[in-house]
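The analysis underlying the following values was restricted to heavy atoms, covering all of them including side chains, and did not include hydrogens, waters or symmetry mates.
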Amino acid sequence: MKRFVEWIGSAKAYASLVFTGEVLIYTAIKNMLLGETALPYSMIWQFLALAVIIPFLQMLCFGDMVIKNLRSSLRLLLFSLKLLCTLSIFALIFHWFPVHDPMAWIVFVVGILAAESILGLSLHLYFRITGQQYTEKLKLYKEHHRA
């Protein structure tokens, strides 16, 4: 129970980051492509729903409460697929783009996969750098405490 309560606290913080990111990305894309400056009221509710769903997906894929032993690359792939499915369902239900246009789907899927790839590679690079830093610190610690 304690773990779940801790997760709820971090999920709230993550949800606010997700919501902010969604609004900024949507506004930037709509402004650059269509010149629109307003955010439809219905879109705010869609973003709020996604801001609740995405941390839940993250908990399922990256937490150890459900999946105990799985390589991080497979967890990232699982999360990416679940996120792509979730966003596709939202795109269908709320008509984010002309859903009968195959080219619109190609642009949508390629855009999502590109964003997920960039984020995944960034996280991999971050963990590799911090892992090396901690390895060096551990090495120095062992050297100083051995003597």
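Grouping the Ile, Leu, Val, Met, Phe, Trp and Tyr side chains by contacts below 4.5 angstrom, directly or via other members, places V110 apart from I118. L60 and V52 are not part of a single hydrophobic cluster, where members link through side-chain heavy atoms under 4.5 Å apart. Taking hydrophobic clusters as Ile, Leu, Val, Met, Phe, Trp and Tyr residues chained together by side-chain heavy-atom distances below 4.5 Å, L50 shares a cluster with Y41. When the side chains of ILVMFWY residues are joined at heavy-atom separations under 4.5 Å, either directly or via intervening members, L48 and I93 end up in a single hydrophobic cluster. Note: the hydrophobic cluster containing L87 also contains I89 (ILVMFWY, side chain heavy atoms under 4.5 Å, direct or indirect links).
Rounding to the nearest 0.5 angstrom, the gap separating the CD1 atom in I25 from the CZ atom in F47 is 8.5 Å. A distance of 10.0 Å separates OH in Y26 from CD1 in I44, rounded to the nearest 0.5 Å. The structure places CG of L113 at 9.5 Å from CZ of F108, a figure rounded to the nearest 0.5 Å. Distance check, rounded to the nearest 0.5 Å: CD of E116 to CG of L121 gives 11.5 Å. Once rounded to the nearest 0.5 Å, the distance linking CG of L84 with CZ of F79 reads 11.5 Å. The line from CG of L57 to CG of L81 is 11.5 Å long, rounded to the nearest 0.5 Å.
Residue pairs meeting the side-chain hydrogen bond (donor to acceptor under 3.5 Å, both in side chains) criterion with at least one member in residues 89-99, sequence neighbours excluded: Q46-W96.
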* List the steps, then state whether side chain to side chain contact (heavy atoms under 4.5 Å, CB included) holds for L78 with L74. => CA-CA 6 Å; L78 182 64; L74 292 176; over 6 Å; no
* To do: Would you check, one step at a time, whether the test side chain to side chain contact (heavy atoms under 4.5 Å, CB included) holds for L92 with W105?
  => CA-CA 10 Å; L92 276 171; W105 278 105; 3.7 Å; yes
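Residues meeting the ring pair (Phe, Tyr, Trp, His ring centres under 6.0 Å) test with F94, sequence neighbours left out: F90.
Taking every heavy atom of both residues into account, A15 and A51 meet most closely at CB-O, 3.1 Å.
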